[in-house]
Structures are given as C-alpha cells and as structure tokens.
Amino acid sequence: MFPPVYVNEVAAHEGKEVTLHGWLHGRRSSGKLHFLQLRDGTGTIQCVVFKGNVSPESFVEADHLPQETSLAVTGTVKKDARSPLGFELDVKGLRVVSRPAREFPLGHKEHGVAFLMEQRHNWLRSPRQQAILRVRHAVEQAIRDFFDRRGFTLVDAPIFTPSACEGTSTLFEVPYFDLGKAYLTQSGQLYMEAAAMALGKVYCFGPTFRAEKSKTRRHLTEFWMVEPEVAFMDLDGDMELMEQFVSHVVQTVLAKHRDELVRVLERDVSRLEKVVPPFPRITYDEAVEVIRAAQRKARAQGGAAEAGPEGAGGQPPPALMQWGDDIGGDEETLVAAAYDRPVMVHRYPAAMKAFYFKKDPADPRLALGCDVLAPEGYGEIIGGGQREDDLATLEAALDAHQLPHEAFEWYLDVRRYGSVPHAGFGMGVERCVAWICGLHHVRETIPFARMMERITP
RNA sequence: UCCCCAGUAGCUCAGUUGGCAGAGCAGGUGACUGUUAAUCACCGGGUCGCAUGUUCGAGUCAUGCCUGGGGAGCCA
C-alpha cells in the first residue's frame, strides 16, 4: 500500500480499513480483548483486538507479542472518546514483521542515567526522547529559516583545522598525512570572517569539538554550533541580531511543539512566551554589581543556616566577585535570575576574552563582546561580539596572547584588503534545546552524546 | 586535573549491631469484553563492581583499584 497511512493521519480515514506499520509500544489484555499500543514515529494508536474479529491463532499471538515487535496491523479506524488520540484501530488482522530476538532492555518504568545512556540507541524510542529530538529538529530548522530569510549565505566551515582558532581551548589532535597534526575545529568563526568579506552576511552550522575535561551538565566534547558573521556591523547591530534570532527560534518552536513541550516534557511554556525583544542589556560592570549584591544577600541569609547541623565544615563563605573575574556558572544564574527573559551582558574585560575581540574605544580595558544568558539557570547560550578590524592592533593582540603569526597570516589578510567593521556570534544548539525543553542535562538534546567518559553507542 | 556520591536479580532499589540474598517492575504460565504504568494467582531469576585484609563468620568494616554519576575550572 502506497502511500502508507501513518498514525497522525488516521482522522482522515475514519470508518475505513487501513494498514498501519509500527512497533509494539505496550500491551494490555482483558479476557476476550487485547489492547496493543502501536507506535510509528508520528504517534501512538491503540489497536483493539477482539476475539471474535480475528483468527484464533492471531488472537493468541496478539497476547504474547513482546514490546518492540514490528507489526503490520490492518483494521478499521474508529472514533473513541476514551482514546487520548481520539481514534482506535478495530483490528481485523495483524502480521508480525519481526519478533525481537531478545527482550527489549527498556521497560516503561524508571531507569538510571548510566543505563539509559548505555542504551541510548534504544532510549530514543521513548516518547520523551522522541519529543526532544523533534524539538531539536525544529530548533535547527528555525535557525536556518532565520538566516536564510535575512539574506545570509550558509558557508560550511572546515572540520580539520591547522591550529587553534582561538588559541585557548584544548583541541582534539588527528594525524594528517605528511603535514603532521591537524585539529578538530572548535569554531568556524575565523573562516566566517573571511567569508563575510566575500558574501556580506554568512553563517556556518556544524559540529564543534572541545577536548577540555569538562564534566558538567552543560558540556559535551562534540556539539553543534551556528555562527553568523556580518560585514559592516558593530556590537549594537550584533546584539539586535542576537535577540531577534533567539526570540525567533524560541517562538517558532513554541508554535510548532507547544503540545509536546507541555504534555510530554512538562515545560512551563509561560517562561518561553516571554522571550521576545527587547532583551535587557547590561554591561559587565553592572553584572558584577548585580552578582556582588546577590552574594552579599546570600551570605547574610546563609550565615545562620551554615551554623546549623551541617555547618560543621567551617568553610569560609566564598569571596565576593571582583572586577576582572569571569562570570562562572553560579554567577550566570544570579544575573539571569534578575530578569524574566534572556539577558545580554556586554563589554567584558578584554583580558578574559579571545584575541580577536575589538577593544571598546571608550575604555580600552573592555572588549566589545556580548554573551546571552538564558533564564532559569541554563547559562550562556550565545557568545559573540565585534571583531578587531585594524591590522596593527590585531597583530599586537596576537603577540599579547603569544600566538604565532604564521598560522594567522590568512586571517590577517582579512584586515589587509579593505578591512571593515564586522561582528558575529555563536550559539550552542544543545544548550538552546536544553533550555527550551527544560532539561537538566545537555546529553539528552543530542541523539548520540559524546562526553569525556562516553563515546558509545 | 581536583572535590563529593554511588555500584546488590534484566531494570529501580531495600538489606537493621557483621549472622539463611529480599521487594517492586520486567519475563513465563493462567484468569478476566474497555485496559490507559490495568488487576489477580502461580513460576523462574544472584560472580552483592574487582582485589586484598580484619573476623569463627563480610553485601555490611578497612585499604587499593575499576566503572559510572554530580560539581569545579574552561567554555557554547
């Protein structure tokens, strides 16, 4: 039968006989009735097998099919108020496509994280993981739509690179023929800067690799990043682009998957509805004051609590944040908690940013960078800013960061031939998906997570 | 690299002062014409992560190792 009928289309076939193909999600039985939950990727439908409607062999078989048996089920589509879907299939016949060779490892009860990650290939079949992967797809589609509709050109950046893009992070090394070592990319940005001088508005969208030994809920060794870069754009334009981009992605996903977010992922979507421009913009200086105020308050309130039963450790309270300190995970949460939508923190101390950031003409201690912090403790989802466009200044920055000029000769060319102000940013897809779905850990946002302690399945 | 926690049935876990290895779910057999994580009865299921030590006796105590989880730093 072609085209085949899918579960999400059965309403159009009410009263008609159809054949559905899928996997047995679950099974219940009540004497002369068997209830089979059939999942086909578009939805799940209950197939009702009544003893009088099928052959005796089929009736017995239907009560002994293990979970994840693949099936072709033929029957009549019937409206039924008792069904969450609104429809059921009144079964006339069923054919086993393939019977599991052994028991499916994942039941419908609780499992531990370690076991689920080992069973990731099987775990993907669960309703919750399906919902997350659909949201991820919608996020990636919204990303493409946003830039495509604004006249950006997608320019694919290389995965193998000859050296560190930023000269800071730890990279994965790969042997590369007679040329020695290559490295897996940690950012396509430098290549996008060159491409922006050709095409004006560009973006790349691909995997990124970091060999840092980070073991936190926000880190993967392999993750996906979208990086736009625009010629003739300054920091203010960049920040406008960031907030329009983030709100477009969130609102598009909300429009397409509100039901799954609410019902399957139990997300409080009212928090997402607020993600519309303008986002609050605060300077790093202001962020430091917000953090210090919150830390003083926590210290005043925590003093009594620490003297309680668990206060035997005698740990001194953490020092107040100082100007020049980086904004870590806890500090990000303190800043984000002060607002009901993503907050943009700009003009960081230049010393803590990569060499390519342009200095603030009004205060050379500051870099024209901006991070977007997601609400609800999800932290930095975007980092970006205006790039240094002056050749001599950039060369001095390379020296200051003790980076070899040879590796960056091509990058310096971007400033040698008609240099212009330009800016861009990078957004991590997994952190964005985790935030939108309200997940505790980014490992569930990517089909097959790569982490420090895990490379299988 | 550092700090904290965990490892017992296929899965999730309990296991008292060191004294016979347990439950629920899953699986198997059966009952039930409306189940939504169905219910009920019966059945099978163990290298207590590994090693060494203490002890009459170790799942339990000690030391080391392995694996996993959480966090820090770094970052998206």
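Nothing here was measured: the structure is a model prediction, and the numbers come from that model. Chain naming here is simple, since letters A, B, ... match the order of the sequence lines and numbering starts at 1 in each.
If you take CD of A:Q189 and P of B:rA76, they are 10 Å apart, rounded to a whole angstrom. In this structure, the CG atom of A:L116 is 17 Å from the P atom of B:rG10, given to the nearest Å. Between the CZ atom of A:R218 and the P atom of B:rC74 there is a distance of 11 Å, given to the nearest Å. Atoms CD (A:E118) and P (B:rG68) sit 8 Å apart, rounded to a whole Å. The CG atom of A:D330 sits 12 Å away from the C1' atom of B:rG73 (whole-angstrom rounding). Between the CZ atom of A:F205 and the P atom of B:rA76 there is a distance of 16 Å, given to the nearest Å. Following rounding to the nearest Å, A:M452 (CE) and B:rG69 (P) show an atom-to-atom distance of 10 Å. Between the P atom of B:rU35 and the NZ atom of A:K32 lies a distance of 16 Å, rounded to the nearest Å.
OP1 and OP2 of B:rG71 both lie 4.0 Å or more from every side-chain N or O belonging to A:K215.
By the side-chain contact (heavy atoms from CB on, under 4.5 Å) test, A:D40 is found to be paired with A:Y6, A:V7, A:T42, residues two or more places apart in sequence or in another chain being considered. The ring-ring contact (aromatic ring centres under 6.0 Å, His included) test applied to A:F245 returns A:F146, A:F147, A:F425, not counting sequence neighbours. Listed by chain and residue number, nothing satisfies the side chain to side chain donor-acceptor pair (under 3.5 Å) test with A:Y378 (two or more places apart in sequence, or in another chain). Every residue meeting the side-chain contact (heavy atoms from CB on, under 4.5 Å) condition with A:A287, not counting sequence neighbours, appears here in chain and number order: A:I282, A:I327, A:V335, A:V345. Under the side chain to side chain donor-acceptor pair (under 3.5 Å) criterion, A:R281 pairs with A:E243, sequence neighbours left out. Remark: A:E61 pairs with no residue by the side chain to side chain donor-acceptor pair (under 3.5 Å) rule, at least two apart or across chains.
Near-neighbour residues of RNA chain B inside residues 81-90 of chain A, defined by a heavy atom below 4.0 Å, number-ordered: A:R82, A:E88. At a non-hydrogen distance threshold of 4.0 Å, A:H441, A:R443 from residues 434-450 of chain A come into contact with RNA chain B. For the segment residues 34-62 of chain A, residues with any heavy atom less than 4.0 angstrom from an atom of RNA chain B are, sorted by number, A:F35, A:Q46, A:F50. For the segment residues 128-147 of chain A, no residue has any heavy atom less than 4.0 angstrom from an atom of RNA chain B.
Salt bridge status for A:E332 with A:R218: absent, with no side-chain N to carboxylate O gap under 4.0 Å. Ion pairing between a basic and an acidic side chain is recognised when a charged N comes within 4.0 Å of a carboxylate O; A:E88 and A:K79 show no such pairing. Electrostatic pairing of A:R27 and A:D63 counts as a salt bridge here, judged by a charged N lying under 4.0 Å from a carboxylate O. Contact check on A:E229 versus A:R387 returns a salt bridge, with a Lys/Arg side-chain nitrogen under 4.0 Å from an Asp/Glu carboxylate oxygen. A:R102 and A:E68 are not joined by a salt bridge, as no carboxylate oxygen comes within less than 4.0 angstrom of a charged side-chain nitrogen. In summary, A:K353 and A:D371 engage in a salt bridge, as defined by a charged side-chain N under 4.0 Å from a carboxylate O. At a threshold of 4.0 Å, the pair A:R134-A:E260 counts as salt-bridged, since one of the basic side-chain nitrogens sits closer than that to a carboxylate oxygen. Under the 4.0 Å criterion applied to side-chain N and carboxylate O atoms, A:K78 and A:E14 are not assigned as salt-bridge partners.
Here the side chain of A:D326 is nearest to one of B:rC75, B:rG69, B:rC32, namely B:rC75. Residue A:L33 has its side chain nearest to B:rG34 when only B:rA76, B:rG34, B:rG69 are considered. Nearest nucleotide to the A:H111 side chain, out of B:rC32, B:rU12, B:rC74: B:rU12. Which of B:rU33, B:rG71, B:rU1 sits closest to the side chain of A:T216 comes down to B:rG71.
A:F448 contributes atom CZ, which lies 12.0 Å from atom CD of A:E222 (distance to the nearest 0.5 angstrom). Atoms CE and CZ, from A:M192 and A:F152 in turn, are 12.0 Å apart once rounded to the nearest 0.5 Å.
Comparing the C1' positions of B:rC11 and B:rA26 gives an interatomic distance of 7 Å, to the nearest angstrom. The same atom, C1', is picked in B:rU1 and in B:rU8; the two are 32 Å apart, to the nearest Å. Here the separation of B:rG27 from B:rC65, taken at their C1' atoms, is 35 Å to the nearest Å. The separation of B:rC74 from B:rG18, taken at their P atoms, amounts to 45 Å, rounded to a whole angstrom.
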Between the protein and nucleotides 23-29 of chain B, list the N/O to N/O atom pairs that are separated by less than 3.5 angstrom.
unit_1	atom_1	unit_2	atom_2	d
B:rA26	O2'	A:E103	OE2	2.6

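Ring pair A:F115/A:H111 is tilted by interplanar angle, where 30° to 60° counts as tilted.
Under the 6.0 Å distance and 45° angle rule, A:R365 counts as a cation-pi partner of A:W323.
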Problem set entry | 5'-to-3' dot-bracket of RNA chain B (Watson-Crick, G-U; under 3.5 angstrom; crossing pairs as [ ]; | other strand) | (((((((..((((.....[..)))).(((((.......))))).....(((((..]....))))))))))))....
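Summary of the strand contacts: A:L220 and A:D80 both lie near RNA chain B, and taking for each the nucleotide with the nearest heavy atom, the more 5' one is attributed to A:D80. Remark on RNA chain B: of its neighbouring residues A:E453 and A:M352, the 5'-side contact belongs to A:E453, judged by nearest-heavy-atom nucleotide.
Looking at A:S214, its side chain has no donor and acceptor atom pair within 3.5 Å of the base of B:rC75.
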For this session: Evaluate the criterion salt bridge (charged side-chain N to carboxylate O under 4.0 Å, His left out) for residue pair A:E140 and A:R136; output intermediate values, then yes/no.
Result: CA-CA 6 Å; A:E140 295 186 330; A:R136 181 187 173 98; 3.5 Å; yes
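Between A:Y284 and A:H346, the distance from one ring center to the other does not fall under 6.0 angstrom.
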